[in-house]
Protein chains: 2
Amino acid sequence: MARNEGSLYRRVADDLRRKIETGQLQPGNELPSERMLIGSYKASRNTVRKALDLLINEGLVSSHQGKGYFVRQDNTLPYYGRRLETKLMGSSEIYQVWEADLRELGREPRGDLNVSSTEPPADIARMLRLDEGQGVIARKRTRLVDDQPYAFDATYYPYALVENSRLLGAVDIPGDPDEVLAELGHKLKRYDDEVRARMPNPEEERALRVPPGTPVTELARIGYDQADTPVRVHLAVLPGDRLRLVYEHGRE
Amino acid sequence: MARNEGSLYRRVADDLRRKIETGQLQPGNELPSERMLIGSYKASRNTVRKALDLLINEGLVSSHQGKGYFVRQDNTLPYYGRRLETKLMGSSEIYQVWEADLRELGREPRGDLNVSSTEPPADIARMLRLDEGQGVIARKRTRLVDDQPYAFDATYYPYALVENSRLLGAVDIPGDPDEVLAELGHKLKRYDDEVRARMPNPEEERALRVPPGTPVTELARIGYDQADTPVRVHLAVLPGDRLRLVYEHGRE
DNA sequence: AAGTGGTCTAGACCACCTT
DNA sequence: AGGTGGTCTAGACCACTTA
């Protein structure tokens with residue numbers, strides 16, 4: 001109960017949010033049912049549902065049909081919050097570091113490879129400095145840990161650069177895939193990371209099994225060769241509620 | 001029109017989403033009005049509104065009362081997508097780099113300072129390795145460019161470390177605030193960045209004027225002294241639709 | 001004034017979970 | 001069977017924008 005500003009559904013949402021923020025409702029706790037809220041706020045069902053929707057889209061609450069609404073846990077699982085060794089040029093494929101970390105923890109990462117030759121998305125084309133019509137080879141994976149999806153990633157190579165290489169095959173490259181680029185005369189010299197937050201599309205929501213209201217971190221790692229030409233982009237889509245990117249600077 | 005899976009409102013949303021993704025509806029274009037959609041899908045108003053809500057929460061669409069629904073622009077404005085010179089230990093306060101960049105572009109960054117002594121949020125306490133009850137000095141700012149808010153940031157110092165220093169005053173520290181730490185015998189030696197995506201709370205939505213469905217990137221930069229003790233956390237909250245973090249690795 | 005979206009109600013039927 | 005959330009309808013009134 002409170003005399004807040006604005007519309008009824010906002011007042012309901014504000015009240016519930018405050019109860020969550022002050023700890024009156026703890027993570028995992030069940031919220032009052034729709035029926036209860038209808039009674040205590042003298043609101044219609046649609047109105048209390050709209051309030052609950054707001055909290056869901058803020059990432060504070062999740063709903064489960066037949067069970068109820070629950071306060072979401074802040075689950076930055078420790079074994080997902082890995083470190084990126086920014087000096088490691090040899091293993092600049094991010095997932096290699098993760099996989100090594102995961103194996104140390106006794107968990108088995110997996111992921112089926114999908115290789116295709118396509119037009120790149122606009123973002124990727126910009127990063128690889130490709131003109132309209134220039135294609136790419138895309139090597140995509142949904143990565144699973146203990147059969148649960150935890151990240152999606154893809155590596156894009158300009159088609160013209162790798163057209164006769166092993167990278168076209170739908171098989172794992174033993175060791176470092178960047179080695180293939182080196183064999184082709186494009187040894188990596190440096191890379192840039194571009195990090196942004198966005199909402200997942202429905203496909204990603206399904207593939208990563210993220211609840212509504214969960215943004216993803218999109219990390220694009222652009223690799224450049226000796227001539228400073230971008231030769232590949234490694235893209236990772238990471239659920240915001242499971243992952244925290246860590247960069248270490250200036251460590252000896 | 002299409003025979004998709006699932007509920008009616010999902011089919012409507014899927015259709016509209018496809019039109020956006022294929023470019024049939026371009027960024028900035030107006031979507032069909034609710035009335036039109038009711039007609040073409042033979043759905044009730046609540047149902048088409050639910051479909052439109054979905055697209056809004058995916059960050060694809062925005063609505064404007066009295067005007068209509070519009071396809072959102074992917075506005076990673078170039079002058080916000082700044083570079084982080086990761087080697088610059090002396091000006092590791094991120095905003096200093098940004099402000100210099102902005103001034104180069106002839107834009108005037110501003111931001112009112114707010115200094116307070118409080119209990120730190122759980123995240124900050126973890127990063128500063130503080131026990132229950134140990135306070136911090138928080139120096140917070142909402143940064144404006146040309147009177148438009150574009151980022152929120154705060155720096156947290158353990159109270160015990162800075163209790164008699166200039167950092168307690170609600171005035172700008174000329175030069176580098178980390179210099180004050182150095183004077184106190186805690187010269188910064190290295191720092192870690194922790195990056196995560198999350199949804200803004202209503203306060204941040206208001207302060208940063210982000211439309212619904214826009215996640216933020218939260219960047220925490222933890223500074224350590226010679227004894228490897230964390231001495232300050234600089235936290236930045238960056239609207240995901242305006243900013244792209246760039247890290248450069250291995251550049252000469 | 002007419003068109004657009006924003007809030008709210010009352011009621012119906014369905015799907016899922018627990019007992 | 002009874003409670004919970006999920007989808008959908010029909011209609012009302014309000015607020016904002018454009019002409």
Side-chain angles (χ1 to χ4, degrees), chain A residues 2-17 25 28-72 202 205-206 209 211-213, chain B residues 2-17 20 25 28-72 202 205-206 209-213:
Chain A
R3 352 180 151 60
N4 290 350
E5 302 299 321
S7 45
L8 179 51
Y9 82 90
R10 279 181 195 285
R11 290 205 300 279
V12 177
D14 287 350
D15 267 13
L16 292 171
R17 190 186 305 104
L25 284 166
N29 282 178
E30 185 172 0
L31 271 65
S33 70
E34 293 179 356
R35 181 180 301 213
M36 300 289 281
L37 293 171
I38 290 168
S40 46
Y41 289 97
K42 276 120 182 55
S44 74
R45 185 165 175 227
N46 279 350
T47 297
V48 308
R49 280 181 64 80
K50 196 158 185 201
L52 292 163
D53 255 17
L54 225 186
L55 298 177
I56 288 173
N57 286 321
E58 288 172 10
L60 283 178
V61 163
S62 63
S63 72
H64 302 278
Q65 193 170 16
K67 294 172 57 173
Y69 293 85
F70 299 84
V71 181
R72 268 179 76 174
E205 263 187 8
R206 259 196 311 279
R209 291 197 211 131
Chain B
R3 358 187 142 57
N4 290 350
E5 302 299 321
S7 45
L8 179 50
Y9 83 90
R10 280 181 195 283
R11 289 205 300 280
V12 177
D14 287 349
D15 267 14
L16 292 171
R17 190 186 304 104
I20 293 169
L25 284 167
N29 281 180
E30 184 172 0
L31 271 65
S33 70
E34 293 178 354
R35 182 181 302 215
M36 300 289 283
L37 293 172
I38 290 168
S40 46
Y41 289 97
K42 277 119 181 58
S44 73
R45 186 168 174 224
N46 279 350
T47 298
V48 308
R49 280 180 65 80
K50 194 158 185 203
L52 291 163
D53 255 18
L54 225 186
L55 297 177
I56 288 173
N57 286 322
E58 287 172 10
L60 283 178
V61 163
S62 63
S63 72
H64 303 278
Q65 194 171 16
K67 293 172 57 171
Y69 293 86
F70 299 84
V71 181
R72 267 178 78 174
E205 262 186 8
R206 258 195 313 278
R209 291 196 210 132
V210 291

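Per chain, numbering begins at 1; letters A, B, ... match sequence-line order. Predicted model, so just to flag it, every value in this text is computed and none were measured.
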### Query
Can you tell me how far the CD atom of B:Glu34 sits from the CG atom of B:Asn46, to the nearest 0.5 Å?
9.5 Å
## Note on the structure
To the nearest angstrom, the CG-C1' distance between B:Leu52 and C:dG6 comes to 13 Å
### Task
Classify every nucleotide of nucleotides 9-19 of chain D by which part a protein heavy atom approaches to under 4.0 Å, writing B for the base, S for the sugar-phosphate alone and - for neither, in 5'-to-3' order.
BB-B--BBSS-
### Query
CG of A:Leu37 versus P of D:dG3: gap in Å, rounded?
17 Å
### Side-chain N or O of A:Tyr69 closer than 4.0 Å to phosphate OP1/OP2 of D:dG6
yes
## Note on the structure
Distance col, row B:Asn57:CG vs A:Asn57:CG, nearest 0.5 angstrom, shows 3.5 Å
#### Entry: Side chain proximity check, B:Leu16 to B:Leu37, heavy atoms < 4.5 angstrom
yes
### Value in whole Å for how far the P atom of D:dT7 lies from CZ of A:Arg49
7 Å
### Message
Any heavy-atom pair between the side chains of A:Asp15 and A:Tyr41 that's under 4.5 Å?
### Response
yes
### Message
Please report the end-to-end axis angle for the helix from C:dA1-D:dT18 to C:dT18-D:dA1, five pairs per end, rounded to 10 degrees.
### Response
10°
All N/O donor-acceptor pairs, side-chain side in residues 60-68 of chain A, below 3.5 Å, sequence neighbours left out:
from, atom 1, to, atom 2, distance (Å)
A:Ser62, OG, A:His64, NE2, 3.4

### Rounded interatomic separation in angstrom, taking CD1 from B:Ile38 and C1' from C:dT4
11 Å
### Message
Salt bridge check, A:Lys50 against A:Asp53: does any charged N sit closer than 4.0 Å to a carboxylate O?
### Response
no
### Message
Measuring from atom CZ of B:Arg72 to atom CD1 of B:Ile56, what distance do you get when rounded to the nearest 0.5 angstrom?
### Response
9.5 Å
### Message
Nearest whole Å is fine: how far is D:dG6 P from B:Asp53 CG?
### Response
15 Å
### Message
For a quick test of reading the model: is some side-chain N or O of B:Ser63 closer than 4.0 Å to OP1 or OP2 of C:dT4?
### Response
no
#### Entry: Euclidean distance, atom OH of residue B:Tyr9 to atom C1' of D:dG5 [Å, nearest integer]
12 Å
### Message
Can you identify which nucleotide, out of C:dG5, D:dT7, D:dG6, has its nearest atom closest to the B:Lys50 side chain?
### Response
D:dT7
### Query
Is A:Pro202 close to B:Arg17 at the side-chain level, that is, under 4.5 Å between some pair of heavy atoms?
yes
### Pairwise distance CZ(B:Arg35) to CD1(B:Ile38) - rounded to 0.5 angstrom
8.0 Å
